[in-house]
Amino acid sequence: MSETAQTLRARAEIDLGALRANVRALRGRVGTDVQVMGVVKADAYGHGAVPCARAALEAGATWLGTATPHEALALRAAGIDAPLLCWLWTPGGPWDEGIRADLDMGVSGMWALREVTEAARRTARPARVQLKADTGLGRNGCQPADWPRLVGEALAAQAEGLVKVTGVWSHFACADEPGHPSIGAQLETFHEMLTYAEKEGVDPEVRHMANSPATLTLPETYFDLVRPGIAMYGVSPGPEVGSPADFGLRPVMRLVGSVALVKDVPPGHGVSYGHHYVTEGPTTLGLVPLGYADGVPRHASGRGPVLVGGKVRTVAGRVAMDQFVVDLGGDVVEPGAQAVLFGAGDHGEPTAEDWARAADTIAYEIVTRIGSRVPRVYLNE
């Protein structure tokens with residue numbers, strides 16, 4: 001199938017102008033003394049890592065962040081040379097390549113510090129490492145009880161010229177739940193762990209903790225740098241935090257399919273697998289060629305909203321691997337008409353948050369799960 005034919009079937013339009021505006025809005029929120037790291041992990045939350053990284057840097061982000069080292073190395077291979085932190089390492093990871101690519105590498109425990117110092121010896125270059133503190137999230141990061149040893153051995157490696165400790169950082173568990181008691185507790189623990197590290201001799205370039213919800217609502221968490229991820233793409237971290245418009249943000253992705261077939265059916269006609277939807281009367285059905293293989297959540301079967309023919313319809317029956325059906329209620333819609341699953345909402349179309357509610361999930365998952373079979377079409381490059 002040609003690229004043109006593929007984009008006619010379905011496409012995810014990525015408005016890089018909106019992304020740049022979002023980054024500028026976030027920069028305005030945190031002020032000139034705080035740097036912005038544009039997080040482009042998971043292929044920029046499904047939006048395309050390289051174009052989004054470049055757009056974020058153009059708009060004033062000074063750092064980039066990825067989860068895996070392979071994501072970071074791909075950005076380097078594309079010619080992006082901005083400061084770049086990657087934090088999700090596993091034993092045997094590409095430490096040598098990371099050092100040669102001048103990556104900042106997250107270190108959460110002794111095994112990682114040992115492996116990165118061994119790589120520094122092999123490459124005869126100091127490794128840039130950022131020590132991650134587990135202040136209460138319970139995922140990656142070093143526990144407070146183990147922190148003195150990690151800090152001490154990192155400083156010893158730095159004295160040997162094997163590493164440079166460039167950052168101290170942590171991550172919130174519940175910043176998307178305003179007023180949650182863990183927020184203050186984690187912040188206090190981070191202050192204690194940071195103070196200890198600095199008293200021992202760590203002089204980091206950056207100290208950071210704020211993710212998207214903290215960037216939007218908790219100025220006391222900014223330190224030297226903030227790490228907006230989902231907010232950069234114009235999606236709210238959660239309804240409790242506020243809508244994108246509340247913060248001057250605009251959704252970047254618009255997911256569109258073309259109606260592949262329209263047909264009349266009689267009353268009592270089952271629709272899609274399992275016949276969980278049966279027509280009540282004579283009606284027209286429209287077939288949209290997007291399914292769970294493209295990232296449309298099957299959990300939204302019978303609930304997902306779609307703008308077709310000027311009206312918001314609901315997915316009729318189950319979402320299949322490659323397609324789903326909407327009941328057009330007798331309306332005349334021609335094959336080839338647009339079916340807008342989500343976008344900014346400017347023209348009455350649903351948003352990613354609407355789909356998140358329909359699928360009992362979060363909007364992060366809705367945009368990130370859009371598969372590689374859906375081409376990204378970049379606007380305002």
Leu16-Val374 co-clustered via ILVMFWY side chain contacts under 4.5 Å: yes
Sub-4.5 Å side-chain heavy-atom contact between Leu328 and Val262: yes
Considering all heavy atoms, the nearest Pro126-Gly161 contact: CB-O, 3.5 Å
Pair Asp327-Tyr277, side chain to side chain donor-acceptor pair (under 3.5 Å): steps then yes or no: CA-CA 10 Å; Asp327 189 335; Tyr277 183 85; 2.6 Å; yes
pair Tyr233-Met253: side-chain heavy atoms closer than 4.5 Å: no
Validation row: Pro350, Leu341 side chains within 4.5 angstrom (heavy atoms): no
Centroid-centroid distance, His208 to Phe223, less than 6.0 Å: no
Basic-acidic side-chain contact under 4.0 Å: Arg207, Glu198: yes
Pairwise distance CZ(Arg121) to CD1(Ile99) - rounded to 0.5 angstrom: 11.0 Å
Nearest atoms (heavy-atom pairs only) where Leu216 meets Phe247: O-CE2, 3.7 Å
Shortest non-hydrogen contact from Ser212 toward Ala231: OG-N, 3.1 Å
Pair Arg9-Asp294, salt bridge (charged side-chain N to carboxylate O under 4.0 Å, His left out): steps then yes or no: CA-CA 12 Å; Arg9 177 189 77 89; Asp294 302 295; 3.3 Å; yes
Under 3.5 Å: donor-acceptor pair, side chain of Ser170, backbone of Phe190: no
Side-chain donor/acceptor of Ser301 to backbone N/O of Arg298, under 3.5 Å: yes
Point-to-point distance, once rounded to the nearest 0.5 Å, from CE of Met232 to CZ of Arg227: 13.5 Å
Ring pair (Phe, Tyr, Trp, His ring centres under 6.0 Å): pairs with one or both residues in residues 92-137, sequence neighbours excluded: Trp89-Trp95
Joint cluster assignment, Val326 & Leu285, ILVMFWY side-chain distance < 4.5 Å: no
Any donor-acceptor N or O pair under 3.5 Å, side chains Ser182, His180: yes
Main-chain N/O of Ala18 paired with Asp15 side-chain donor or acceptor, under 3.5 Å: yes
side-chain contact (heavy atoms from CB on, under 4.5 Å) between Leu103 and Arg76, intermediate numbers included: CA-CA 9 Å; Leu103 302 181; Arg76 287 288 191 252; 4.0 Å; yes
Backbone of Ala25 reached by a side-chain donor or acceptor of Asn22 within 3.5 Å: no
His47 side-chain N/O to Tyr45 backbone N/O, donor-acceptor pair under 3.5 Å: yes
Interatomic distance, Glu353 atom CD to Arg357 atom CZ [nearest 0.5 angstrom]: 5.0 Å
Steps toward side-chain contact (heavy atoms from CB on, under 4.5 Å) verdict (Asp176, Ile362): CA-CA 12 Å; Asp176 56 346; Ile362 56 176; over 6 Å; no
When the side chains of residues 53-60 are checked against the rest of the protein, which donor-acceptor pairs come out under 3.5 Å, sequence neighbours left out?
unit_1: Arg54; atom_1: NH2; unit_2: Ala78; atom_2: O; d: 2.7
unit_1: Glu58; atom_1: OE1; unit_2: Arg20; atom_2: NH1; d: 3.2

Approximate separation, where rounding is to 0.5 Å, of Ile370 CD1 and Asp43 CG: 12.0 Å
Cluster overlap Trp147 with Leu155, hydrophobic side-chain contacts below 4.5 Å: yes
Exam field: side chain Glu349 to backbone His347, donor-acceptor pair closer than 3.5 Å: yes
Asp346 atom CG, neighbour heavy-atom count above 12 within 6.0 Å: yes
Trp63: which of Val206, Val39, Val36 passes side-chain contact (heavy atoms from CB on, under 4.5 Å): Val206
Thr351 side chain near Pro251 side chain, heavy-atom distance below 4.5 Å: no
Side-chain touch Leu150/Val107, heavy atoms, less than 4.5 angstrom: yes
Leu64 side chain near Ile80 side chain, heavy-atom distance below 4.5 Å: yes
From CD1 (Ile230) to OG1 (Thr215), nearest 0.5 Å: 13.0 Å
Under 3.5 Å: donor-acceptor pair, side chain of Trp355, backbone of Phe342: no
Side chains of Cys52 and Leu19 in contact at under 4.5 Å (non-hydrogen atoms): yes
Pairs where residues 362-381 contributes a residue and the test ring pair (Phe, Tyr, Trp, His ring centres under 6.0 Å) is met, not counting sequence neighbours: none
Residue Met110 excluded, over 12 heavy atoms near CE under 6.0 Å: yes
Sidechain N-carboxylate O distance under 4.0 Å for Arg149, Glu153: yes
Exam field: side chain Arg11 to backbone Val377, donor-acceptor pair closer than 3.5 Å: no
Minimal non-hydrogen separation, Gly93 against Glu115, with atom names: N-OE1, 4.1 Å
Least distance between heavy atoms, Leu218 atom then Ala175 atom: CD1-CB, 4.4 Å
Side chain Asp146, main chain Gln143, donor-acceptor under 3.5 Å: no
Heavy-atom side-chain contact between Val259 and Glu334 under 4.5 Å: no
Short N-O contact, Asp322 and Arg373, less than 4.0 angstrom: yes
Polar side chain donor-acceptor pair, Gln35 to Thr62, under 3.5 angstrom: yes
Note: Glu205-Arg128 ion pair, threshold 4.0 Å (strictly below): yes
Check against side-chain contact (heavy atoms from CB on, under 4.5 Å), Val129 and Thr166: CA-CA 6 Å; Val129 301; Thr166 58; 5.9 Å; no
Salt bridge flag under 4.0 Å for residues Asp96 and Arg125: no
Donor-acceptor contact below 3.5 Å, side chain Glu71 vs main chain Ala42: yes
Residues, nucleotides or ligands: over 12 heavy atoms within 6.0 Å of Glu280 CD: no
Candidate pair Thr221 and Asn211, rule side-chain contact (heavy atoms from CB on, under 4.5 Å), full reasoning: CA-CA 9 Å; Thr221 68; Asn211 53 2; over 6 Å; no
Rounded distance (nearest 0.5 Å) linking atom CG of Leu287 with atom CG of Leu261: 6.0 Å
Hydrophobic cluster membership, Val325 vs Val265, 4.5 Å side-chain cutoff: yes
Ser108 and Asn140: side chain donor to acceptor below 3.5 Å: yes
